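I have placed the structure first, in the form of structure tokens, so that the comments after it can refer back to it.
Nothing here was measured: the structure is a model prediction, and the numbers come from that model. Only heavy atoms go into these numbers, but all of them, side chains included; no hydrogens, no water, no symmetry mates. Lettering follows sequence order; numbering is per chain, from 1.
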There are 2 protein chains.
Amino acid sequence: MHTAIAIDAFKPANRVPAQPRPQLRDVSLNAPGCARCPLRTLCLPAGLTDDEVNQLHDCVGSRRRVKRGEILWQSGDALHTLFAVRVGFLKSFMITRDGQVQVIRFQMSGEIVGMDAIATGRHNSTVVALEDTELCPIPLAELERVMDRVPGLQRQLFRIMSHEIVSKQDSMALLGTMRAEQRLASFLLRLSFLYQERGYSATEFVLRMTRQELGNYLGLKLETVSRLLSKLQQEGLIRVESKSVKLLDIPALRLLEAREALDA
Amino acid sequence: MHTAIAIDAFKPANRVPAQPRPQLRDVSLNAPGCARCPLRTLCLPAGLTDDEVNQLHDCVGSRRRVKRGEILWQSGDALHTLFAVRVGFLKSFMITRDGQVQVIRFQMSGEIVGMDAIATGRHNSTVVALEDTELCPIPLAELERVMDRVPGLQRQLFRIMSHEIVSKQDSMALLGTMRAEQRLASFLLRLSFLYQERGYSATEFVLRMTRQELGNYLGLKLETVSRLLSKLQQEGLIRVESKSVKLLDIPALRLLEAREALDA
DNA sequence: CGCACGTTTGAGCACCATCAACTATAGTGG
DNA sequence: CCACTATAGTTGATGGTGCTCAAACGTGCG
């Protein structure tokens, strides 16, 4: 039973219809390096000087593509390489001691994947692509070499890790204090923000994960997610059609997110 | 209402009877520096050479004492100084947008406090001492200066931050997948491990936090915590007397922790 | 002492999980 | 093109876990 569930988690989110994806800027073709990458304000280059960015770029390997459903690494694998997400969408999850799956986070473009493994040198979560994804590999050994020469890069990496801590604290607060409806509203608003930050529409986007994956991430059952999506639609706050979501009333969603929490 | 709750969170856990605390080694008197600190295997010096530890010690300020109930910093304060906990017990919590309190973590000796603030330069959680506590201040500016010269220290700081990420992932899994009884068992076992790691008894210790603080951390109400502690006592797994806990049947607690989780 | 607060315990109920049936859609192979 | 399968998603009925409200007790502190 538990093993079955665990195995489930490794399965890709199949049968996702190929969704049109709005194009912000040309990201996929012959970008000449980190310095000109449209994601440079979100990714590792953020806050670095041109010279520093060029040094960083020297340790970035050539683009790697993974197809939907492919596993980047599994929990327990040795850490060799961090990845910056260029285009695509990934999920990280861990298997708890009792065989439960916990989705830890979803990753999108500009984010760095693999930093939780620096402590032990081994990955403690499994990462799988939820859609065809393009990654910039950053071999750890090279990164460390460059970091010793480029203090700015070092600082930036600290910032990114610290940011990841903060973001997980927010997830803890979500799981610890919010009701189901709030959690979902909060998640949709966050996704909206992240898409906007990347130049996509803040109101219309595609949920790359299944209801089950989403529910797991939010500490809910897939049925609850489904029901609440329907409810939000009935109330006119969103429009859902399979994996496509349109936010119709963001202020109302914000109100929902903030209101009627459980008492502390 | 919400503000009242928020203010509650700032209050110290008063009325805790002064509990005898087993003494492992003399930690509080004239320790001659990080190199001889009994916590060096847990704290920043872990994995550094003697020379590197000495350089680290140069940037550690003189011991700071905070009394129970004192606030180290509040959410929003600028980050100047990280602290290593020498003796004592602290809690970190944040106030969510809707005024809810979320206890983020408890800190004990050997741990570094404040690293979630590196991303923004401002603390996003409030830290308060739950008992009289002694801290080693590490001014950030000095630390950065030393780090540039001591790559080993840099690596160690990365490891510590990565470890914090992993630990918060575990908390997410706890909140996302475990039932109330499991959460409590898991917490007690973890506390037991941490005390043991620091040379204290693994089976008898004092809960420095109130039931409410503990419940908040575990995503439960204080009544639920109280009830479950009573239940575990009735079943002979633990003995509770106000804040003192004795673990009587650790294997059974482990079983409880691992069993009958919610289905994924 | 009395007050404030922490804690325990009880009764009732709400929220969400569970179980179940059904539909929809993608992919496969005829 | 179709049926056929497998998986994702929706919706309903029901029940349990843990929250809510409430009352009582204990204990540290002014």
Side-chain angles (χ1 to χ4, degrees), chain A residues 1 4-5 7-19 68-69 100 130-131 175-184 206-216 218-234 240-245 260-264, chain B residues 1 4-5 7-19 68-69 100 130-131 175-184 206-216 218-234 240-245 260-264:
Chain A
M1 191 69 204
I5 291 166
I7 287 166
D8 264 2
F10 287 92
K11 289 197 194 167
N14 281 328
R15 323 293 165 96
V16 181
Q19 300 276 359
R68 185 180 70 216
Q100 300 291 108
L130 296 187
E131 64 174 343
L175 292 169
T177 72
M178 288 184 174
R179 326 200 138 210
E181 206 173 15
Q182 286 182 286
R183 294 185 200 184
L184 188 58
V206 175
L207 301 174
R208 296 288 160 182
M209 73 294 294
T210 67
R211 302 286 191 265
Q212 179 168 31
E213 289 163 333
L214 177 49
N216 184 295
L218 297 177
L220 302 171
K221 299 284 113 176
L222 68 100
E223 296 95 327
T224 305
V225 172
S226 179
R227 255 183 263 275
L228 289 177
L229 284 172
S230 301
K231 183 167 178 250
L232 291 182
Q233 173 160 258
Q234 276 184 344
V240 197
E241 188 175 343
S242 87
K243 291 201 180 307
S244 305
V245 177
E260 61 163 340
L262 297 99
D263 289 324
Chain B
M1 192 66 202
I5 291 166
I7 285 166
D8 264 2
F10 286 91
K11 290 196 195 167
N14 281 328
R15 325 291 164 94
V16 181
Q19 301 275 358
R68 185 179 70 216
Q100 301 290 108
L130 296 187
E131 65 175 342
L175 292 170
T177 72
M178 288 186 175
R179 324 197 142 214
E181 205 172 15
Q182 286 182 285
R183 295 184 199 184
L184 188 57
V206 175
L207 300 174
R208 296 288 160 182
M209 73 294 295
T210 66
R211 302 285 190 267
Q212 180 168 31
E213 289 164 333
L214 177 49
N216 185 296
L218 297 176
L220 303 171
K221 300 282 112 176
L222 68 101
E223 297 95 328
T224 305
V225 172
S226 178
R227 256 183 263 273
L228 289 176
L229 284 172
S230 301
K231 182 164 179 253
L232 291 182
Q233 173 159 258
Q234 276 184 347
V240 197
E241 189 176 345
S242 85
K243 291 202 179 303
S244 304
V245 177
E260 61 163 339
L262 297 98
D263 288 324

Do the side chain of [X] and the main chain of [Y] share a donor and acceptor less than 3.5 angstrom apart?
{"X": "B:Lys243", "Y": "B:Met209", "answer": "yes"}
{"X": "B:Arg211", "Y": "B:Glu223", "answer": "no"}
{"X": "B:Ser230", "Y": "B:Ser226", "answer": "yes"}
{"X": "B:Arg68", "Y": "B:Leu130", "answer": "no"}

Whole angstrom is fine here: how far is it from [atom1] in [X] over to [atom2] in [N]?
{"X": "B:Glu181", "N": "D:dG18", "atom1": "CD", "atom2": "P", "answer": "8 Å"}
{"X": "A:Lys221", "N": "D:dG16", "atom1": "NZ", "atom2": "P", "answer": "17 Å"}
{"X": "A:Leu130", "N": "D:dA8", "atom1": "CG", "atom2": "P", "answer": "12 Å"}
{"X": "B:Leu184", "N": "D:dG18", "atom1": "CG", "atom2": "P", "answer": "11 Å"}
{"X": "A:Leu218", "N": "C:dC16", "atom1": "CG", "atom2": "P", "answer": "12 Å"}
{"X": "B:Met178", "N": "C:dC16", "atom1": "CE", "atom2": "C1'", "answer": "20 Å"}
{"X": "A:Leu228", "N": "C:dC16", "atom1": "CG", "atom2": "P", "answer": "7 Å"}
{"X": "A:Leu220", "N": "D:dT17", "atom1": "CG", "atom2": "P", "answer": "18 Å"}

Is there a side-chain contact between [X] and [Y] in this structure, where contact means two heavy atoms from C-beta onward sitting under 4.5 Å apart?
{"X": "A:Leu222", "Y": "A:Thr210", "value": "no"}
{"X": "B:Leu228", "Y": "B:Arg183", "value": "no"}
{"X": "B:Thr177", "Y": "B:Gln182", "value": "no"}
{"X": "B:Leu184", "Y": "B:Leu218", "value": "yes"}

Study note, to complete from the structure: Of the candidates C:dG6, D:dT20, D:dG18, the side chain of B:Lys243 sits closest to C:dG6
Point to revise | Electrostatic pair A:Arg208:A:Glu131 at N-O distance under 4.0 angstrom | key: yes
Practice item. Considering just the side-chain nitrogens and oxygens of A:Arg211, establish if one lies under 4.0 Å of OP1 or OP2 belonging to C:dA24. Key: no
Review point. So what does A:Gly219 touch, heavy atoms closer than 4.0 Å: a base, only the sugar-phosphate, or nothing?
Key: sugar-phosphate
Which pairs, protein N/O on one side and nucleotides 9-11 of chain C N/O on the other, fall under 3.5 Å?
| from | atom 1 | to | atom 2 | distance (Å) |
| --- | --- | --- | --- | --- |
| C:dT9 | OP2 | B:Ser230 | OG | 2.6 |
| C:dG10 | N7 | B:Arg227 | NH1 | 2.8 |
| C:dG10 | O6 | B:Arg227 | NH2 | 3.1 |

Check your understanding: If an axis is fit to five pairs at each end of the helix from C:dC1-D:dG30 to C:dG30-D:dC1, what is the angle between the two, to the nearest 10°?
Key -> 40°
